[in-house]
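Have a look at the structure below before the remarks.
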Amino acid sequence: MAHFVDRVVLHAAGGDGGHGCVSVHREKFKPLGGPDGADGGDGGDVVLVVDPQTTTLLDYHHRPHRSAESGGVGEGDLRHGRRGPALELPVPDGTVVKDREGNVLADLIGAGARCTVAGGGQGGLGNAALASKKRKAPGFALLGTPGERADVVLEVKTVADIALVGYPSSGKSSLIAAMSAARPKIADYPFTTLVPNLGVVEAGDVRYTVADVPGLIPGAAQGRGLGHEFLRHVERCAALVHVLDCASLEPDRDPLSDLDAVEAELAAYAPDSVDGLAADSGTTVPLTERPRLVALNKTDLPDGEAMAELVREELVARGHRVFDISALDRGGLRQLGFAMADLVAEARQRRETAPAPAPVTVRPKAVDSKPFTITREEKSGEPLFRVRGAKPERWILQTDFGNDEAVGYLADRLERIGIEDELFRQGARPGDAVVIGGDDAVVFDWEPTMAGGAEHLGGPRGTDMRFEERSRPTREEKKADQQARRDARAATRAAMASEYSHSGSGADAEDDQVEIVYTEGDPDEGLEDAGEVHPEDWEDETDGSRGDRR
């Protein structure tokens with residue numbers, strides 16, 4: 001069973017950032033020590049590093065989930081949290097990193113090439129870093145942001161100078177075993193080679209590597225058989241050698257038809273386009289345009305020699321350099337080896353003299369560019385305003401919503417970059433829903449009357465006076481309260497009238513005619529029903545005593 005794994009899906013998770021600390025310096029004879037809460041540490045990154053000693057992705061096939069360490073939490077006395085170390089994952093040379101949609105993110109060629117696939121989270125600031133001249137002792141700290149989560153596809157593409165291509169059982173494995181010290185599996189049935197084999201060949205003063213690519217069949221470019229698994233290992237090679245079987249026992253096969261079929265698959269296969277590679281590096285040149293040689297194999301057999309004589313002229317007429325070889329008795333291998341060395345030397349010379357890449361033009365962002373966008377949406381018939389942007393979304397993750405002062409600080413930050421002004425321009429009204437972020441967003445009820453500048457407000461640490469309960473009665477509530485007072489006074493008058501009607505039945509009628517005089521203002525002034533009074537407000541017009549009738 002082959003243990004060569006050249007494609008895996010890696011689930012990488014960067015470390016979370018540590019939270020900032022809220023602390024106040026306490027020392028004898030220093031009552032106003034000030035804030036000394038330190039920052040949290042950043043989370044570790046997940047980094048892919050090319051290691052020459054790594055030849056397969058088997059380790060990630062068994063353990064596809066990898067996570068970096070999180071950052072440490074900040075502490076008092078300005079002790080910052082520990083930064084999470086980066087998690088370096090060794091990968092083979094020639095590894096291509098893609099996302100789930102197949103877009104190429106990085107092409108790792110050469111020892112030490114690196115690529116960060118999941119960044120660590122940012123550590124939160126402690127209250128010492130948040131202190132200012134206006135906010136001298138913050139009662140809150142920022143939270144650490146979570147690390148990135150990414151699912152990436154790793155594909156290994158063999159890095160070799162020359163690739164041997166051809167039909168299954170055409171003798172490629174026997175050829176590389178005869179020319180180098182490689183010992184691939186050799187048998188008399190198709191698809192003996194299931195993984196690429198590499199061999200080092202030395203011809204004169206040129207040393208190069210040869211890749212034995214598993215056999216190709218018609219439809220390989222569309223994925224038939226293991227077409228994509230095999231063709232990907234041809235992309236790195238600067239030149240190709242077609243190995244044609246001149247002694248095939250199949251009646252519908254001959255060297256010319258085999259060559260046409262393999263050429264068609266090479267033309268149909270589109271290598272990955274990787275940004276940042278020079279056009280002369282050889283990796284972006286179409287497979288059909290790369291230098292090639294034709295090796296007519298198994299010419300040691302009578303049928304093979306006769307077939308080689310028949311097709312040699314046609315191959316030469318097509319412009320190919322043809323070599324008669326025998327992997328069994330090593331006939332013609334020396335000439336083929338030196339011809340391959342010439343192609344490798346030419347390719348290396350082109351790479352050395354390749355023009356330098358074009359200079360990168362840096363275009364700074366416009367001064368008036370906004371770090372956010374606001375779009376109006378509809379949800380259940382109500383307007384909803386969604387805010388997207390790296391800054392506001394990161395600020396949301398850093399806010400402790402259980403701390404009113406931290407929420408007030410967030411409101412000040414959002415107002416400072418112009419979100420409130422933009423909401424006004426787009427027609428937002430008080431009470432409308434404002435969403436910051438994507439699917440896991442935070443929803444607010446917009447209140448534009450909230451004043452900014454919490455640093456000017458007093459109050460205990462961890463509180464914000466702007467969030468205190470404030471109720472401003474509406475017009476309807478005022479009318480209802482006024483009507484309730486009227487009804488209460490009417491009930492009081494009715495009770496008083498009933499009481500005095502019984503108590504004054506034997507008295508003179510003149511005594512019932514009492515004039516009421518208010519010395520300190522009418523308590524019912526401003527009401528529509530003037531003349532409504534309370535019994536406790538009665539005064540005697542003679543001596544001014546309260547509650548005494550004469």
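In what follows, every heavy atom counts, from backbone to side chain, and hydrogens, waters and symmetry copies are set aside. Not measured: the values here are computed from a predicted model.
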Would you name the heavy atoms of Ala238 and Ala347 that are closest together and state the gap between them? CB-CB, 3.6 Å

Is there a side-chain contact between Val96 and Leu154 (heavy atoms, below 4.5 Å)? no

Would you compute the distance between atom CE of Met340 and atom CG of Leu343 and round it to the nearest 0.5 angstrom? 8.5 Å

Is it true that atom CZ of Arg376 has more than 12 heavy atoms of other residues, nucleotides or ligands lying nearer than 6.0 Å? yes

Minimum side-chain heavy-atom gap Val117-Leu89 below 4.5 Å: no

Taking the side chain as C-beta and beyond, is there a heavy-atom pair between Cys237 and Asp161 under 4.5 Å? no

Look at the aromatic rings of His11 and His65 and report parallel, tilted or perpendicular, splitting at 30° and 60°. parallel

Set out, in order, the CA-CA distance, both residues' side-chain angles and the distance that settles salt bridge (Lys or Arg N to Asp or Glu O under 4.0 Å) for Arg425 and Glu422, then state yes or no. CA-CA 5 Å; Arg425 279 192 290 269; Glu422 184 64 23; 3.0 Å; yes

Taking the side chain as every heavy atom from C-beta outward, state whether Ile109 and Asp93 have any atom pair closer than 4.5 Å. yes

Identified side chain to side chain contact (heavy atoms under 4.5 Å, CB included) partner of Val91 from the options Val49, Leu10, Asp51, Val50: Val50

Can Arg63 and Asp59 be counted as an ion pair, charged N to O under 4.0 angstrom? yes

Contact between Pro52 and Thr54 at the side-chain level, heavy atoms closer than 4.5 Å - yes or no? no

Between Arg485 and Asp481, does at least one N-O distance fall below 4.0 Å, as a salt bridge requires? yes

Can you tell me how far the CZ atom of Arg292 sits from the CD atom of Glu263, to the nearest 0.5 Å? 4.0 Å

Measure from the side-chain N and O atoms of His25 to the backbone N and O of Gly34, and report whether any donor-acceptor pair falls under 3.5 Å. no

Stepwise side chain to side chain contact (heavy atoms under 4.5 Å, CB included) test for Leu108 and Val97: CA-CA 8 Å; Leu108 304 178; Val97 185; 4.3 Å; yes

From Ile436 atom CD1 to Phe385 atom CZ, the distance as rounded to the nearest 0.5 Å: 13.5 Å

Side chain of Asn127, backbone of Leu130: donor and acceptor closer than 3.5 Å? no

Spatial distance of atom OG (Ser23) from atom CG (Leu78) [nearest 0.5 Å]: 8.5 Å

Kindly say whether Lys133 contributes a backbone atom to a donor-acceptor pair with the side chain of Arg135 at under 3.5 angstrom? no

Would you say Asp77's side chain and Arg79's backbone share a donor-acceptor pair under 3.5 angstrom? no

Among all residues two or more places apart in sequence or in another chain, which pass the ring pair (Phe, Tyr, Trp, His ring centres under 6.0 Å) test with His61? none

Between Pro392 and Pro371 the two heavy atoms that sit nearest each other are CD-O, 4.0 Å

Under the 3.5 angstrom rule, does the side chain of Glu377 hit a backbone N or O of Pro383 as a donor-acceptor pair? no

Measure from the side-chain N and O atoms of Ser70 to the backbone N and O of Asp16, and report whether any donor-acceptor pair falls under 3.5 Å. yes

Compare all side-chain heavy atoms of Thr373 with those of Val387 and state whether any distance is below 4.5 angstrom. no

Please check this pair: side chain of His242 against backbone of Leu259, looking for a donor-acceptor N/O pair closer than 3.5 Å. no

For the pair Glu88 (side chain) and Val47 (backbone), establish whether a donor and an acceptor sit closer than 3.5 Å, ignoring hydrogens and angles. no

Stepwise side chain to side chain contact (heavy atoms under 4.5 Å, CB included) test for Phe372 and Ile417: CA-CA 9 Å; Phe372 63 89; Ile417 64 175; 4.0 Å; yes

So, for Gly126 and Asp39, which heavy atoms are closest and what is the spacing to 0.1 Å? N-OD1, 2.8 Å

Scanning both residues in full, the closest heavy-atom pair of Cys21 with Gly74 reads CB-O, 3.2 Å

Could you pull out the closest heavy-atom pair between His19 and Val73, with the gap in Å? O-CG1, 3.6 Å

Quick one: do Phe140 and Asp400 satisfy side chain to side chain contact (heavy atoms under 4.5 Å, CB included)? Show the steps, please. CA-CA 8 Å; Phe140 69 99; Asp400 179 12; over 6 Å; no

Side chains of Val156 and Leu57 in contact at under 4.5 Å (non-hydrogen atoms): yes

Between Thr145 (side chain) and Gln122 (backbone), is there a donor-acceptor pair under 3.5 Å? yes

Less than 4.5 Å apart, side chain to side chain, heavy atoms only: is that true for Val153 and Arg7? yes

Rounded at 0.5 Å granularity, tell me how far CG in Leu410 sits from CD in Glu405. 13.0 Å

Quick one: pull up CD1 in Ile396 and CD in Glu393 and give me the separation to the nearest 0.5 Å. 9.0 Å

Tell me whether the centres of the aromatic rings in Tyr409 and Trp395 are closer together than 6.0 Å. no

Look at the side chain of Thr56 and the backbone N and O of Leu58, then say whether any donor-acceptor pair between them is shorter than 3.5 Å. yes

Considering non-hydrogen atoms only, spot the tightest contact between Ala433 and Val443 and give its length. CB-CG1, 4.2 Å

Set out, in order, the CA-CA distance, both residues' side-chain angles and the distance that settles side chain to side chain contact (heavy atoms under 4.5 Å, CB included) for Leu105 and Val152, then state yes or no. CA-CA 9 Å; Leu105 304 178; Val152 295; 4.2 Å; yes

Would you mind checking if Glu382 and Lys379 are paired as a salt bridge, meaning a charged N to carboxylate O distance below 4.0 Å? no

Any chance CD of Gln53 has more than 12 other-residue heavy atoms, nucleotides or ligands included, within less than 6.0 Å? no

